[in-house]
Amino acid sequence: MSSQIITRFAPSPTGYLHIGSARTALFNWLYARGRGGKFLLRIEDTDRARSTPEATQAIFTGMDWLGLDYDGEPVTQFERAVRHADVAHELLAAGKAYKCFSSQDEIAAFRDQARAAGRSTLFRSPWRDVEAANHPQGAYVVRIKAPQSGKTVIADQVQGDVTINNDQLDDMVLLRSDGTPVYMLAVVVDDHDMGVTTVIRGDDHLNNAARQMTIYHAMGWQIPVWAHIPLIHGSDGKKLSKRHGALGVDEYHAMGYSAAAMRNYLARLGWAHGNDEFFTDAQAQEWFGFGGIGKSPARFDFKKLSKLSGQHIATTDDAALLHELQAFLAVTGAPKLSDQTAAQMLSAMYCLKERARDFAELIDKAQFILAETPITPDVKAQSTLDNTGISILHELTPHLQNVTWTRDDLERVTSQIAETRGIGFGKIAAPIRAALAGRTATPSVFDMMLVLGRQDTIARLTDISAKEITD
RNA sequence: GGCCCGUUCGUCUAUCGGUUAGGACGCCAGGUUUUCAACCUGGAAAGACGAGUUCGAUUCUCGUACGGGCUGCCA
């Protein structure tokens, strides 16, 4: 028997990978990876009506983007339905579960009455202790016999010991009247069969844990370590929904955030390690533990995500950034970079990455590489190309023919013009910027010159100054 | 309705009975500057409320308020 930690992420395919689910996945991943354990993936698709191959694919795609790698092949819960049903039948045979012939209509009517009268809506099946000889023909569900007195204590790693009076527990359904297993049974069986030692999941399952314990006890299985983490809320403190912005992780990818930053931000949302804010995966894995998990729901803050994204982009190596940039372009449907453009992007990355918070911004700052020539200045850039601006370009161009193409020499040549004219360097840079990029917000003019090279730089300057003359 | 959980600056959080209640994002002011960004310095900004325990409560207990969850033949 090994003491290896085994965690799992068990999303249901609902169309996209929810950002809150992604954080749950991250926590499980961090916990397992930081302890040399295994991290498994299980698709909870027992609800056939809501499960589609596309939705399942969206989970894989999201996990892949976030870099949350899992061990082995993903388990599909639906494929294990026979095993789940076997367990239910085993409990039935052992007298720990029973056939309930109450119809859904009967139960619904009971609940309506109970609610109206202000009583508990907990349904007590009249069939719990009826002998088989007295069973009618017809459809039935299989219900577990839950304890009706005493207390159940959930030893939760985040919430502490949570005590539930057993009179709150219902005899939950294990098998539907068509014989298919329900989720509550499937999770328990799968977690047990997969050897899951530690379950980190949303605290919407906290109450369910008490009910699931009934199954564990009935089967004589060991209960996993549970950690129920608070949900993520929208900026108004309400449950995160569409009106708060993006729900699916694919949307965050399309917005251009760095995947490393997503991991960093999501980890920090509801978990803390002292005052550490910016950290690597290795650090997160080393530091992550139950002690640092908060008990209250956290609100999603795009501003902070942005900041972290910028920091991660600035500290990621250039080649990796080019890769991530190309993946970003692919999800947004933008055309692929040509080999030449990609090479220029790579050579410019050192200056692009320290001024971009996300890949959309990075592309924007790289406009001088991507724009078609001849450059067409926008309105603001055009305003720097007055007579003075044009004359600066005229004066500079010949110098660029002979100067060695290094930053020092380019700076020297350009500064000389500023000096002789007795104006600030900014006045010189503005028209150059306009000519090279056609806009006013760009990397340093010297960075652009170095990336573009002598030929292209001079061509752009002459394009502009020539055009102005003919106007 | 019943049961369960939560509540520190606007936001994410540190604190594990004794602190001028710390950090980060954002915001404001200043600096640097070649535009944008980045960066540097400074500033405003918090213990939901009410009791109790204690020499001493943000921290422990109870109540109230507010928020969230569960209460399905959904997951």
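We name chains A, B, ... by the order of the sequence lines, and we start the count at 1 in each one.
Listed pair Lys304(A) / A24(B) fails the phosphate criterion, with no side-chain N or O lying under 4.0 Å from OP1 or OP2. Under 4.0 angstrom from either OP1 or OP2 of U13(B) there lies no side-chain N or O belonging to Arg299(A). Side-chain nitrogen and oxygen atoms of Arg115(A) include none within less than 4.0 Å of the OP1 or OP2 phosphate oxygen of G2(B).
At a cut-off of 3.5 angstrom, the base of G22(B) holds at least one donor-acceptor pair with the side chain of Asn275(A). Taking only distance into account, the side chain of Arg439(A) never meets the base of U35(B) through a donor-acceptor pair shorter than 3.5 Å. Between the base of C36(B) and the side chain of Thr442(A) there is no donor-acceptor pair shorter than 3.5 Å. For Gln168(A) against G2(B), no side-chain N or O and base N or O form a donor-acceptor pair under 3.5 Å.
Note that CG of Leu308(A) and CD1 of Ile313(A) are 11.0 Å apart. Values are rounded to the nearest 0.5 Å.
Residue Met184(A) is in base contact, counting any heavy-atom pair closer than 4.0 Å across all strands shown. Here Val182(A) lies in heavy-atom contact (under 4.0 Å) with sugar-phosphate atoms only.
Sorted by first and then second residue, the ring pair (Phe, Tyr, Trp, His ring centres under 6.0 Å) pairs with a member in residues 135-171 of chain A read Phe101(A)-His135(A), Phe101(A)-Tyr140(A); sequence neighbours excluded.
Proximity of the aromatic rings of Trp127(A) and Tyr98(A) is defined here by a centroid distance below 6.0 angstrom, and this criterion is not met.
Partner assigned to U32(B) is none, using Watson-Crick or G-U wobble distances below 3.5 angstrom.
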